Number of protein chains: 2
Amino acid sequence: MTEPKESLYPEKWLSKASAGDRVACELRMQIISGLIESGTILSENKLAADFSVSRSPIREALKILASENIIRLERMGAVVIGLTEKEIEEIYDVRLLIETFVFERLVKMDTEELVNELSKILEMMKVAIKFKDADEFSYQDVLFHETIIRAINHSYILMIWNNLKPVMESLILLSMRVRFKEKYEDFTRIVENHELYIEAIKTKDRTLMVKSLHQNFDDVQGKVEDLWMSQQMLSKGVELENE
Amino acid sequence: MTEPKESLYPEKWLSKASAGDRVACELRMQIISGLIESGTILSENKLAADFSVSRSPIREALKILASENIIRLERMGAVVIGLTEKEIEEIYDVRLLIETFVFERLVKMDTEELVNELSKILEMMKVAIKFKDADEFSYQDVLFHETIIRAINHSYILMIWNNLKPVMESLILLSMRVRFKEKYEDFTRIVENHELYIEAIKTKDRTLMVKSLHQNFDDVQGKVEDLWMSQQMLSKGVELENE
DNA sequence: TGAAGTATACTTGTATACAAGTATATAACT
DNA sequence: AGTTATATACTTGTATACAAGTATACTTCA
């Protein structure tokens with residue numbers, strides 16, 4: 001199998017990362033994008049050769065991906081699980097679960113600083129949209145939700161987020177790259193939705209919060225579509241490369 | 001520091017485990033029991049010497065414990081976080097969160113087989129109580145809840161459980177060992193509570209479920225106490241050993 | 001031809017070696 | 001004495017080596 005020349009994961013996000021983290025990020029993107037099909041068996045030795053590193057960082061990467069549920073470590077080789085529609089829905093189940101929990105804590109807190117922080121991030125997102133920078137937009141989008149979650153200072157909720165985050169991030173990256181090309185008009189809706197979310201936190205309005213969460217949730221169907229398109233685009237790219 | 005001669009973690013549960021897993025389990029118990037105080041800085045080399053293994057399994061163990069939020073990997077050394085009352089409450093927040101989610105799914109399912117399985121596990125728990133086998137009881141207790149969670153076939157909820165489970169297990173082990181010695185009468189209440197839980201699943205009675213979950217939750221205060229007593233008992237044991 | 005055993009080419013887990021970086025303590029200089 | 005430079009004793013991350021186990025394929029025998 002030919003590895004892609006360019007990496008799918010933004011390299012500038014890896015400035016201080018170890019080789020293990022790099023491999024994990026790149027493999028994760030390849031798996032979620034469908035470039036590596038689910039069912040594939042990954043060999044530590046082969047991966048080490050492909051990525052030109054030793055088995056140590058590869059082992060580290062596989063452990064990470066296994067904890068994220070996108071591969072399964074078996075007696076011989078790691079089996080790729082990947083993301084089907086079912087898994088994506090499950091991820092959003094969990095996001096809904098924890099963000100609802102977080103909101104219930106937030107209504108008991110002073111949220112002024114948080115609202116301010118979120119407004120700043122939203123402005124950053126708008127700039128990213130203006131300059132059609134999908135990666136930057138994705139970064140800020142993930143940061144937006146992480147900021148909300150961090151606000152309640154709950155180490156075990158944060159733990160769940162940390163386990164979910166890498167997969168979410170990859171998913172959003174791929175989805176946004178497609179949207180910037182094919183569905184640019186989507187972003188006005190995404191911005192509106194985030195404004196709604198901020199408003200809900202500011203006014204501590206539970207119904208508004210549920211509404212914005214559900215709009216966000218409805219977007220999942222879109223994400224599944226994007227992922228499919230992303231897979232089409234990438235596989236065409238590979239085909240062209242092979243000619 | 002003197003390491004305890006006997007391991008805190010039941011050795012028969014480690015029959016097929018790798019050295020890395022063994023170290024993780026033992027370290028986890030030492031941290032949660034308070035034998036290793038929070039704030040302690042763990043060195044890979046020192047641990048390797050203490051456990052008579054190389055750095056490879058130690059690194060693996062530290063990664064595991066870091067993902068469970070009981071240590072924090074820093075630039076130099078791993079800092080022990082441990083479990084304070086706050087963390088224990090947080091763990092139960094998450095358990096409450098996921099078990100409530102699971103129940104909402106269960107009410108839409110056929111639960112006959114599950115109820116049967118749970119009844120079996122409860123019988124095992126009763127036997128463990130009769131023979132005052134704290135470790136066996138803990139095992140079945142953890143299995144009870146895991147069985148419920150697995151029933152809905154939700155890979156990301158299961159992922160959360162898998163992250164929580166080792167710490168839960170350690171906590172329950174320590175707590176139950178104390179109770180078998182000091183508060184044996186507690187077990188009638190624990191059994192009743194589990195019976196209530198099964199009944200709630202059988203009849204799909206949401207209010208009963210909330211009631212039993214909350215009774216379980218009220219037990220948390222007890223667990224904090226147990227942990228404290230466990231720490232007292234263990235530190236006395238160590239003191240005696242040093243004389 | 002079919003079954004059983006053996007060889008081989010993998011696999012994982014662990015140990016060890018080494019490079020590069022960081023804190024601590026000692027020494028030198030003003 | 002106080003500050004700066006340097007030595008050293010750590011640290012992590014990566015590479016490599018090796019032992020033990022497992023699946024595959026081949027060979028041998030009936």
Side-chain angles (χ1 to χ4, degrees), chain A residues 1 3 7 9 11-28 31 36 38-81 162 166, chain B residues 1 3 7 9 11-28 31 36 38-81 162 166:
Chain A
M1 203 190 98
E3 300 293 332
S7 53
Y9 195 81
E11 281 170 67
K12 60 178 173 179
W13 295 1
L14 293 169
S15 57
K16 275 189 173 182
S18 69
D21 289 330
R22 281 162 203 275
V23 171
C25 287
E26 193 53 32
L27 264 182
R28 189 187 298 116
I31 290 171
I36 298 178
S38 83
T40 310
I41 291 174
L42 301 173
S43 146
E44 288 186 4
N45 287 317
K46 192 178 172 308
L47 288 173
D50 287 346
F51 283 96
S52 310
V53 292
S54 79
R55 269 181 58 219
S56 309
I58 297 289
R59 281 178 73 79
E60 198 189 314
L62 293 182
K63 287 257 161 67
I64 293 171
L65 299 181
S67 84
E68 292 167 9
N69 240 304
I70 56 178
I71 69 171
R72 192 176 51 237
L73 294 174
E74 297 199 340
R75 267 186 271 154
M76 308 222 98
V79 183
V80 173
I81 298 175
N162 284 335
Chain B
M1 204 190 97
E3 301 293 331
S7 53
Y9 195 81
E11 281 170 66
K12 59 178 173 179
W13 295 1
L14 293 170
S15 56
K16 276 189 172 183
S18 68
D21 289 330
R22 282 163 202 273
V23 171
C25 287
E26 192 53 33
L27 264 182
R28 188 187 299 116
I31 290 172
I36 299 179
S38 82
T40 309
I41 291 173
L42 301 173
S43 146
E44 288 186 5
N45 287 317
K46 191 178 173 310
L47 288 173
D50 287 347
F51 284 97
S52 310
V53 293
S54 79
R55 270 181 58 219
S56 309
I58 298 291
R59 282 178 71 79
E60 198 189 314
L62 292 183
K63 287 257 160 66
I64 293 171
L65 300 181
S67 83
E68 292 167 7
N69 239 306
I70 56 178
I71 68 170
R72 191 177 52 238
L73 293 175
E74 298 198 341
R75 268 187 269 155
M76 308 221 95
V79 183
V80 173
I81 299 176
N162 284 334

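The structure displayed is predicted, hence computed values, not measured ones.
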Say you draw a straight line from [atom1] of [X] to [atom2] of [Y]; how long is it, rounded to the nearest 0.5 Å?
X	Y	atom1	atom2	result
A:I70	A:R72	CD1	CZ	13.0 Å
A:I41	A:M76	CD1	CE	10.5 Å
B:R28	B:I36	CZ	CD1	12.5 Å
A:S67	A:L62	OG	CG	11.0 Å
B:I81	B:T40	CD1	OG1	12.0 Å
A:L73	A:E44	CG	CD	8.0 Å

Between [atom2] of [N] and [atom1] of [X], the distance in whole Å:
X	N	atom1	atom2	answer
A:K63	C:dT12	NZ	P	10 Å
A:R59	C:dA15	CZ	C1'	12 Å
B:D21	C:dG13	CG	P	9 Å
B:R55	D:dG13	CZ	C1'	8 Å
A:I58	D:dT14	CD1	C1'	12 Å
B:I41	C:dA23	CD1	P	12 Å

So A:S56, base contact, sugar-phosphate only, or nothing? Heavy-atom distance under 4.0 Å. base

At their closest point, which heavy atom of B:L14 faces which heavy atom of B:C25, and how far apart are they?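 So the minimum-distance heavy-atom pair works out to CD2-SG, 4.0 Å.
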
What protein N or O atoms touch nucleotides 8-11 of chain D N or O atoms at under 3.5 angstrom, if any, and at what distances?
residue	atom	partner	partner atom	Å
D:dT11	OP1	B:S43	OG	2.7
D:dT11	OP2	B:N45	ND2	2.9

Can you list, by residue number, the residues of residues 64-73 of chain A that have a non-hydrogen atom closer than 4.0 angstrom to DNA chain D?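 Going residue by residue through residues 64-73 of chain A, none turns out to have a heavy atom under 4.0 Å of DNA chain D.
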
Under 4.0 Å between a side-chain N/O of B:S54 and OP1 or OP2 of C:dA15, yes or no? yes

